[in-house]
There are 2 protein chains.
Amino acid sequence: MKTGAVMEEEIIFQKTISYLLARVTTAYKTVLERHMGLIGLHAGQVFLLLELWTEDGLRQVDLARRLSLAAPTVSKMIKGLIEINLVEIEREDGDGRSTRVYLTDQGHAMRDDVNAQWLELETNYLADLNETERLILPELLTKLRKAYTGADDAEEDQ
Amino acid sequence: MKTGAVMEEEIIFQKTISYLLARVTTAYKTVLERHMGLIGLHAGQVFLLLELWTEDGLRQVDLARRLSLAAPTVSKMIKGLIEINLVEIEREDGDGRSTRVYLTDQGHAMRDDVNAQWLELETNYLADLNETERLILPELLTKLRKAYTGADDAEEDQ
DNA sequence: ATTAAACGATTAGCTAGCTAACTAAATATG
DNA sequence: CATATTTAGTTAGCTAGCTAATCGTTTAAT
């Protein structure tokens, strides 16, 4: 109330959607990382495993596309997953450039642990959301993702 | 409809708020980084400058608290900002532990550029949002941030 | 007054992202 | 058939985050 003169041409950053999004983003990533750390995984690895649980034996380029990640990011993640014996790679027969990524038994086994953590994430942190918000949020978030990725990479391979 | 058997104990990750949030998060951060790169800044630096534009001469610990960041993160960012001559630090007189961070002239001057980029971010990427969504989103995002930071760090210093 | 505890900042080292630059393989093109 | 272009993956190097460990300073306790 005592700083009334400031807000003329200035952007009130703290109220922009972009600003709020950034703040949520950072906070969320930290929570996610901490939670998945409890089961010995890093956040990024979880998302990669997620894709393999849906379809095993994807190539790196497939994973990159589905996760909207750059190739080197995927390459590094897989290296990490190989080290902890959750996936293994095989050079593609027909195409000497590609490597296919397969879940190991341990990789399959992680699924329950991840599910459990994920459930906690959804219930513990989002308990204060009411029914309406729970309905709206997925739509809004999807819209935002499309806005920032430029395309809808959830449908682009159909 | 044809996959009715699957969804009993499995989580449909792709529909959870946590999952969607992660996807938005990654996409948005990349866009933000690219946009601020146009004016020679990194995303994190922008948020730090923002705080200094609001109140110059903060200590690192103040910045960390306001931005909900860990101390080493702030320390590194400031190092980067010093290198490009946007801020300078001064050891606090009364307390030999603290360093106060001050904007340089160049630091002040960046404000218009950042405002311009920020405006673009808000208008270019969020054009598809309707009035209702524009109203709801800030509330929802604030709620999410509170959920993930645990506390409401926007009010804690009052 | 001395010792213990708390605080502010830094260093080291990690993952998650990125881009740029590279290698190697596959495909087009002349 | 030789060459050029595209594609898949990796390496190097950057920032943004984090935690753990450390150092110096300040404050509290005995």
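Numbered from 1 within each chain, the chains take letters A, B, ... in sequence-line order.
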Review point. What are the 5'-most and 3'-most nucleotides of DNA chain C lying under 4.0 Å from any heavy atom of chain A?
Key: C:dT15 to C:dA26
Is the closest side-chain donor-acceptor distance between [X] and [Y] under 3.5 Å?
X: A:Thr99; Y: A:Gln60; answer: yes
X: A:Glu88; Y: A:Thr104; answer: no
X: A:Trp118; Y: B:Thr16; answer: yes

So what does [X] hit on the nucleic acid, given a heavy-atom distance under 4.0 Å: a base, only sugar-phosphate, or nothing?
X: B:Lys79; answer: sugar-phosphate
X: B:Gly37; answer: nothing
X: A:Gln45; answer: sugar-phosphate

Point to revise | B:Asp56 side chain near B:His108 side chain, heavy-atom distance below 4.5 Å | key: yes
**Study point:** A:Tyr28 and B:Thr25, any side-chain heavy atoms less than 4.5 Å apart
**Key:** yes
Point to revise | A:Asp93 CG: over 12 foreign heavy atoms closer than 6.0 Å | key: no
Practice item. Mark yes when over 12 heavy atoms from residues, nucleotides or ligands other than B:Glu120 sit less than 6.0 Å from its CD; otherwise mark no. Key: yes
Polar atoms only, N or O, under 3.5 Å: list the protein pairs with nucleotides 4-8 of chain D and their distances.
{"from": "D:dT7", "atom 1": "O4'", "to": "A:Arg97", "atom 2": "NH1", "distance (Å)": "3.4"}
{"from": "D:dT7", "atom 1": "O2", "to": "A:Arg97", "atom 2": "NH1", "distance (Å)": "3.1"}
{"from": "D:dA8", "atom 1": "OP1", "to": "A:Arg59", "atom 2": "NH1", "distance (Å)": "3.4"}

Review point. Going through the distances and angles, do B:Glu90 and B:Arg100 end up as a salt bridge (charged side-chain N to carboxylate O under 4.0 Å, His left out)?
Key: CA-CA 5 Å; B:Glu90 236 177 62; B:Arg100 295 213 171 261; over 6 Å; no
Point to revise | Residue met sooner reading DNA chain C from 5', once A:Pro72 and A:Ala43 are mapped to nucleotides | key: A:Ala43
Point to revise | Donor-acceptor contact below 3.5 Å, side chain A:Arg134 vs main chain A:Leu129 | key: yes
Exercise for review: Would you please classify the geometry between the B:Phe47 ring and the A:Tyr19 ring as parallel, tilted or perpendicular, with 30° and 60° separating the classes?
Suggested key: tilted
Practice item. Mind listing the residues from residues 27-34 of chain B sitting with a heavy atom below 4.0 Å of DNA chain C? Number order is fine. Key: B:Thr30, B:Arg34
